[in-house]
Amino acid sequence: MSSKEEEKPGKKALNFIEEIIEEDLRTGKNEGRVHTRFPPEPNGYLHIGHAKSICLNFGLAEKYNGLCNLRFDDTNPAKEEVEYVDSILEDVKWLGFQWHDKPYYASDYFDQLYAWAVKLILDGKAYVDDQTAEEIAANRGTPTRPGNESPFKNRSVEENLQLFEQMKNGEYKDGEKVLRAKIDMSSPNMHLRDPAIYRIKHAEHHRTGNKWCIYPMYDFAHGESDYLEGITHSVCTLEFEVHRPLYDWFISNLVETEYRPRQIEFARLNLNYTVMSKRKLLTLVKEKYVNGWDDPRMPTISGLRRRGFSPESIRNFAEKVGVAKRDNVIDVGLLEFCVREDLNRKVPRVMAVLDPLKIVIINYPVDQVEYLEIENNPEDEKMGKREMPFSREIYIEKADFMEDPPKKYFRLIPGGEVRLKAGYIIKCENIIKNDAADVTEVHCSYDPETKSGSDSSRKVKGTLHWVSATHALDAEVRLYDRLFLNENPDDVDEGMDYKSNINPESLRMVHAKVEPGLESAQVLDKFQFQRLGYFCVDMDSKPGKLVFNRTVTLRDSWVKKNP
RNA sequence: UGACCCAUGGUGUAAUUGGCAACACGCCAGAUUUUGGUUCUGGAAUUCAAGGUUCAAGUCCUUGUGGGUCAGCCA
């Protein structure tokens, strides 16, 4: 080992947010407190991109002995539902994070926010505008041209106060009036051109019911909520970078303390072969391209959970993708690597045949059954052993027999030998075909001297998985593939959209034969189907009617070379 | 002809803050293997461009180029 390596014992590089935090800690900012928050809007299910943000925010709090709030950003009753609140709570918990205290809600601050809006009016920093949404948009100008002042900008404080009160009391219809901050219509930053802070919405809110018919806008609610909760580092995605001056403006004009939460932006996660926007995911659900938010093909946390991903694998993935400010597209291969890595050492191996071909062992006694001992996980001796019934008729994969094999194919071929995992070496003696010349059965002989564990010196190149035909259980297995054909689902021809890129074969169902020990498998139990991949018991599974989802295949250097 | 942000192997992220460009995934080759898995060994592949400062630039300066965000009464 070089001296250089000894100097830095495994010290991991900091990401830019950790650097900011450590600098704040060094200078004694916020009395050394670190308090983050994860602020989802309950208008959809959480996805893997949110998982990155959850891991970041909760991880930062953990690392610096701080706190992390879970706060629902529920300021738009038109889009928000308790179903989403419940799923978010469940997903964050499942990922393994503990929020500080209790779930927080921006809606808990509606009274305070209203009072602050009144304060802005009193200070001459906000006004009620009667213009329509279209007029306001037209007068906002463009990024390269300044906007025009609203004709209502110079109303008196008294009039504004009265109008705002009337808005609150329900005297106007949706869109009739809006409260705007008085900032700068010619600012090069569009967000500073008198942004709306309160709008009228006669809608029932999932928590405040019909108490309010006016609701604060995101910009007015978010930073203030951070302030009220004592957040020190308010981490959000890049598109809010332009909002930061407004975030700071509100707090500066509302309170006089020295304490200020600081907004920091990072690049959101993008994954290839999938979509991540809530709007698109909602469409896939609503238009039935998938079977719900938790469809195992969805990049949602609930979808990944049902697919068989472990929380650890997702947290590890979030760690591996890193945190920075440049746009990125992560290869799903990395996500797949993370599950395999985790499941490889944790889950038991089991035998399942997805596409059965019957093998008759012609020199094996007709009614004999013997129980073969097999390890549950070669990576972990502590996981023990189990017994599997072996008999005269067994199933192997159709793909494990070829009459006319390519070079380097070392599975079963006419006259050839293979080992049955944990069992005997068998030799192909005879092939049975139907009228269509399909192979329907293969007759083999076995060598009783080669039982697994005996010190037979015979070696064969191939080892196959198998199940005893009379003992095997039937199971439905759902084989998933990527939801989209194109690496970038939005890469489409004129007039088409991402839906035209959906992979028609993203779900394939097969009837499999699995080893009898699987009878008692419970929903969400995970296994490695020997030589095939990792599988998970689906929630549709019932005693007597097993259903498995394929989480991911094993790496396969054979198909890679022989596509 | 605006403001702001970003640019390092195929992908993502580092580089002790001006000192030998590395880590992970992927890819290729080999070894091991009763999973064509796992594990192990080796290999190919990187600083957007041009100038400047400096003994020394991925890092600092200038000018370009390319990409992204912003014109909801969404978040």
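In this structure, a donor-acceptor pair under 3.5 Å is present between the side chains of A/Arg37 and A/Ser234.
Across all strands shown, A/Val329 has heavy atoms under 4.0 Å from sugar-phosphate atoms exclusively, and none from any base. Nucleic acid contact class of A/His465 (heavy atoms, under 4.0 Å, all strands): none. Here A/Pro378 lies in heavy-atom contact (under 4.0 Å) with a base.
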- Query: Between A/Tyr534 and A/Glu336, is a side-chain hydrogen bond (donor to acceptor under 3.5 Å, both in side chains) present by the stated rule, with each step listed?
  - Reply: CA-CA 11 Å; A/Tyr534 295 96; A/Glu336 295 174 349; over 6 Å; no
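Checked against salt bridge (Lys or Arg N to Asp or Glu O under 4.0 Å), A/Glu319 has the following partners two or more places apart in sequence or in another chain: A/Lys12. Contacts of A/Gln530 classified as side-chain hydrogen bond (donor to acceptor under 3.5 Å, both in side chains), with partners at least two apart in sequence or in another chain: none. With sequence neighbours left out, A/Ser557 forms a side-chain hydrogen bond (donor to acceptor under 3.5 Å, both in side chains) with no residue at all. Partners of A/Asp174 under the side-chain hydrogen bond (donor to acceptor under 3.5 Å, both in side chains) rule, at least two apart in sequence or in another chain, do not exist in this structure. With sequence neighbours excluded, the residues satisfying side-chain hydrogen bond (donor to acceptor under 3.5 Å, both in side chains) with A/Asp194 are A/Tyr127, A/Lys153. Under the ring-ring contact (aromatic ring centres under 6.0 Å, His included) criterion, A/Phe38 pairs with no residue, sequence neighbours left out.
Not a single donor-acceptor contact under 3.5 angstrom links the side-chain atoms of A/Glu239 to the base of B/U69. With hydrogens and angles left out, the side chain of A/Glu379 and the base of B/U39 share no donor-acceptor pair within 3.5 Å. A donor-acceptor contact under 3.5 Å is formed by the side chain of A/Ser452 with the base of B/U34.
Residue whose closest nucleotide on RNA chain B sits further toward the 5' end, between A/Arg340 and A/Leu532: A/Arg340.
Stacking of A/Lys201 on the aromatic ring of A/Tyr215 is not recorded, the 6.0 Å distance cut-off and the 45° axial limit not both being met.
Atom CZ in A/Phe548 sits 14.0 Å away from atom CZ in A/Arg550 (nearest 0.5 Å).
Straight-line distance from the NZ atom of A/Lys320 to the P atom of B/G26: 10 Å, rounded to whole Å. Residue A/Lys459 contributes atom NZ, which lies 11 Å from atom C1' of B/U32 at whole-angstrom precision.
Remark: ring of A/Trp558 stacked against base of B/G36; centroid gap under 5.5 Å, plane tilt under 30°.
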Result block: side-chain N/O donor-acceptor pairs under 3.5 angstrom for residues 341-350 of chain A, not counting sequence neighbours:
unit_1	atom_1	unit_2	atom_2	d
A/Asp342	OD1	A/Arg345	NH2	3.2
A/Asp342	OD1	A/Lys346	NZ	3.0
A/Asp342	OD2	A/Ser310	OG	2.4
A/Asp342	OD2	A/Lys346	NZ	2.9
A/Asn344	OD1	A/Arg349	NH2	2.7
A/Lys346	NZ	A/Glu312	OE1	3.3
A/Arg349	NH1	A/Asn344	O	2.8
A/Arg349	NH1	A/Val347	O	3.1
A/Arg349	NH1	A/Asn377	OD1	3.2
A/Arg349	NH2	A/Asn344	O	3.3

Considering only distance and modelled atom types, tabulate donor-acceptor pairs under 3.5 Å from the side chains of residues 70-80 of chain A, sequence neighbours left out.
unit_1	atom_1	unit_2	atom_2	d
A/Arg71	NH1	A/Asp226	OD1	3.3
A/Arg71	NH1	A/Glu229	OE1	2.9
A/Arg71	NH1	A/Glu229	OE2	3.3
A/Arg71	NH2	A/Asp226	OD1	2.7
A/Asp73	OD2	A/His222	ND1	2.7
A/Asp74	OD1	A/Ala106	N	3.3
A/Asp74	OD1	A/Ser107	N	2.9
A/Asp74	OD1	A/Ser107	OG	3.4
A/Asp74	OD2	A/Ser107	OG	2.7
A/Asp74	OD2	A/His206	NE2	3.1
A/Asn76	OD1	A/Ala78	N	3.2
A/Glu80	OE1	A/Asn76	N	3.4
A/Glu80	OE2	A/Asn76	N	3.0

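Remark: A/Met190, A/His191, A/Ala196, A/Arg199, A/Lys201 in residues 189-204 of chain A come within less than 4.0 Å of RNA chain B through at least one heavy atom. In the region residues 69-79 of chain A, proximity to RNA chain B at under 4.0 angstrom, judged on heavy atoms, holds for A/Asp73, A/Thr75, A/Asn76, A/Lys79.
At B/U33, none of the side-chain N or O atoms of A/Arg419 fall inside 4.0 Å of OP1 or OP2 (strictly under the cut-off).
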- How does RNA chain B look in dot-bracket notation if pairs are Watson-Crick or G-U with both distances under 3.5 Å, crossing ones as [ ], other-strand ones as |? .((((((..((((.....[..)))).(((((.......)))))....(((((..]....))))))))))).....
Could you pull out the protein-nucleic contacts involving nucleotides 27-29 of chain B (nitrogen or oxygen on both sides, under 3.5 Å)?
unit_1	atom_1	unit_2	atom_2	d
B/C27	OP1	A/Lys560	NZ	2.9

